[in-house]
Enquirer: 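Mind having a look at this structure? Questions to follow.
The chains referred to below are lettered A, B, ... by the order of the sequence lines, with proteins before strands, and numbering in each begins at 1.
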Amino acid sequence: MRSSLVYHTNPYDVKVKRDMPELPEVETLRRSLRPAIVGRTIVGIRGETFPDVMGGELIDEVSRRLAGNQIEDLTRRGKYLFFLLSDGSSLLIHLRMTGRLILAPRDAPPIRFEHLALELDGELDLRFGDQRKFGRVLHILPADVMALRRRIGVEPLTARFSARRLETLLTGRNSKIKSILLDQRLIAGLGNIYVDEALHLAAIHPERRAGALSQLEISRLHRAIRRVLREGLRNRGTSFSSFEDANGERGRNQHQLRVYGRARKNLPCLRCGHPLSLLVVGGRTTHYCPTCQLPHAYTEPGN
DNA sequence: TGTTATGTTGCCAT
DNA sequence: TATGGCAACATAAC
């Protein structure tokens, strides 16, 4: 039995995230959170936590600064959430690998690995929990928000992310295409799962050199990225971990995953039937089809 | 009981 | 500047 059972039995959960958050998961979280918190006033923030979660700041100091602020909006860039506050500052939250955000009544018991609680009016808490303590909750000034947003790459589901734009990003790059797609400074929001899915859908080997992709391949990749992200969103951001959740609360996107998690189970490629393979690229476990995703550009027979 | 893997990012060395 | 490796951390799974 997985210890996450407590989440499922918590009747106060407006939103439960157990999946590793990539763009579809963070966006799903934003959509579920936004109507419940926009317009509310922050009372304070409390918690017993590790120093780095708030960038080394003391909770009491941040609490004093936040108190009295109204949450005017909740936006997302890549995998970052921005809570826009009435004094112009922002609360930035990144869940990294195991971060959780859950709405709960003030008197509800702590969630597992709870580190911080943002206290809102109406006796509502936004609880932040993180098993591995990689996640961050930072109170930042407008100038720093701007600086950060400039460092984050293009949003892959907007019109700005065209095939032409992708081509520009890849041109002259010697890194493996998978590493490039995971670089948040170039494209925002892709993680290990959706990158593997997109590369398989586009029939591109993850170790191909980014700058060596043909225009046709770039075009396929562009469409594949948008498609797998949209599918993830449509399925409410559910990903692989919940597929394995012993509690049975499964999202829907596991049914759409074409390679991720299937290689380890010796399952066949859904396109060609050949067994899928595992590989480590840039230190990340990589799932691919050795038949559909060849390590060199495809050439028409006879050429 | 130990060892290994885990979906992210930032920092550091080259 | 580009690139690649690894640490940060705690737990589950083997």
Enquirer: A:Thr98 side chain N/O closer than 4.0 Å to the phosphate oxygens (OP1, OP2) of C:dT11?
Expert: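 For A:Thr98, the contact criterion (side-chain N or O under 4.0 Å from OP1 or OP2 of C:dT11) is not met.
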
Enquirer: To the nearest Å, how far apart are A:Asp130 CG and C:dT11 P?
Expert: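 Distance, rounded to whole Å: 11 Å.
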
Enquirer: Sequence neighbours excluded and cut-off under 3.5 Å, please list the side-chain donor-acceptor pairs for residues 195-205 of chain A, or say none.
Expert:
unit_1	atom_1	unit_2	atom_2	d
A:Asp196	OD1	A:Lys178	NZ	2.7
A:Asp196	OD2	A:His287	N	2.8
A:Asp196	OD2	A:His287	ND1	2.8
A:Glu197	OE1	A:Arg258	N	2.5
A:Glu197	OE2	A:Arg258	N	3.2
A:Glu197	OE2	A:Val259	N	3.0
A:Glu197	OE2	A:Tyr260	N	2.8
A:His205	ND1	A:Glu207	N	2.9

Enquirer: Polar atom pairs between nucleotides 12-14 of chain B and protein, under 3.5 Å, N or O only, would you list them?
Expert:
none

Enquirer: B:dG7, B:dA5, B:dT9: which one has an atom nearest the side-chain heavy atoms of A:Arg264?
Expert: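 So the nucleotide nearest the side chain must be B:dA5.
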
Enquirer: Would A:Asp73 and A:Thr75 count as a side chain to side chain donor-acceptor pair (under 3.5 Å) here? Give the steps.
Expert: CA-CA 6 Å; A:Asp73 204 357; A:Thr75 65; over 6 Å; no

Enquirer: P atom, B:dC12 versus C:dC9: distance in rounded Å?
Expert: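 Between the two P atoms, the distance is 15 Å.
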
Enquirer: When you measure from the side chain of A:Gln70 to the backbone N and O of A:Arg40, does any donor-acceptor pair fall under 3.5 Å?
Expert: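 Absent.
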
Enquirer: Mark yes or no for whether A:Arg173, through its side chain, and A:Gly211, through its backbone, hold a donor-acceptor pair below 3.5 Å.
Expert: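 Looks like no, no N/O pair under 3.5 Å.
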
Enquirer: Rounded to whole angstrom units, what separation is found between the CG atom of A:Asn192 and the P atom of B:dT6?
Expert: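 After rounding, the reported distance stands at 8 Å.
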
Enquirer: Among residues at least two apart in sequence or on other chains, which ones pass ring-ring contact (aromatic ring centres under 6.0 Å, His included) with A:Phe82?
Expert: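 For A:Phe82, no residue satisfies ring-ring contact (aromatic ring centres under 6.0 Å, His included) once neighbours in sequence are set aside.
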
Enquirer: Take atom P in B:dG7 and the same atom in C:dT3, then report the distance between them in whole Å.
Expert: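 Pairwise P distance, B:dG7 against C:dT3, rounds to 23 Å.
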
Enquirer: Can you give me the closest heavy-atom contact between A:Arg96 and A:Phe134, atom names plus distance?
Expert: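 Minimum heavy-atom contact is CG-O, 3.1 Å.
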
Enquirer: Treating A:Asp125 as the side-chain partner and A:Leu103 as the backbone partner, does any N or O pair qualify as donor plus acceptor under 3.5 Å?
Expert: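 The answer is no, because no donor-acceptor pair under 3.5 Å joins these two groups.
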
Enquirer: Between the protein and nucleotides 6-10 of chain C, which nitrogen or oxygen pairs come in under 3.5 angstrom?
Expert:
unit_1	atom_1	unit_2	atom_2	d
C:dC9	O2	A:Arg132	NE	2.7
C:dC9	N3	A:Arg132	NH2	3.1
C:dA10	OP1	A:Lys133	NZ	2.9

Enquirer: Is a donor from one side chain sitting under 3.5 angstrom from an acceptor on the other, for A:Arg164 and A:Thr168?
Expert: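 A donor-acceptor contact under 3.5 Å links the two side chains.
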
Enquirer: Testing the 3.5 Å rule here: is there a donor-acceptor pair between the side chains of A:Glu25 and A:Tyr194?
Expert: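 Side-chain D/A pair, A:Glu25 to A:Tyr194: present.
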
Enquirer: CZ of A:Arg223: more than 12 outside heavy atoms within 6.0 angstrom?
Expert: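 Atom CZ in A:Arg223 is not packed in, count stays at 12 or less.
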
Enquirer: Could you walk me through whether A:Arg46 and A:Asp60 pass salt bridge (charged side-chain N to carboxylate O under 4.0 Å, His left out), step by step?
Expert: CA-CA 8 Å; A:Arg46 66 169 201 278; A:Asp60 287 351; over 6 Å; no

Enquirer: For A:Leu120, does its backbone N or O pair with a side-chain atom of A:Arg106 as donor and acceptor, under 3.5 Å?
Expert: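 Side chain of A:Arg106 to backbone of A:Leu120: a pair is present.
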
Enquirer: Which is true for A:Arg151 with a 4.0 Å heavy-atom rule: it touches a base, it touches only sugar-phosphate, or it touches nothing?
Expert: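 Nothing, no nucleic acid heavy atom in range.
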
Enquirer: In whole angstrom, what separates A:Arg209's CZ from C:dA2's P?
Expert: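 Interatomic distance, CZ of A:Arg209 to P of C:dA2: 16 Å.
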
Enquirer: Measure CD1/A:Ile93 against P/B:dT9 and give the value in whole Å, please.
Expert: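 Between P of B:dT9 and CD1 of A:Ile93: 15 Å.
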
Enquirer: Can you give me the dot-bracket string for DNA chain C, 5' to 3', counting Watson-Crick and G-U wobble pairs with both distances under 3.5 Å, using [ ] for crossing pairs and | for partners on another strand?
Expert: .|||||||.|||||

Enquirer: Should the ring pair A:Phe161 and A:His222 be called parallel, tilted or perpendicular, given that the plane angle runs from 0 to 90° and is split at 30 and 60?
Expert: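 Tilted.
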
Enquirer: Closer than 3.5 angstrom, by distance alone: can the side chain of A:Arg230 be matched with the main-chain N or O of A:Gly232 as a donor-acceptor pair?
Expert: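 A pair under 3.5 Å: no.
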
Enquirer: Considering heavy-atom distances to DNA chain B, does A:Tyr80 or A:Gly283 have its closest nucleotide positioned more toward the 5' end?
Expert: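 It is A:Gly283 whose nearest nucleotide is closer to the 5' end.
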
Enquirer: Rounded to the nearest angstrom, tell me the gap between atom CG in A:Asp52 and atom P in B:dT9.
Expert: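 Distance check: A:Asp52 CG to B:dT9 P gives 17 Å.
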
Enquirer: If you take any heavy atom closer than 4.0 Å to DNA chain B, which residues from residues 170-191 of chain A end up in contact?
Expert: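 Per residue number, the list reads A:Gln184, A:Gly191.
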
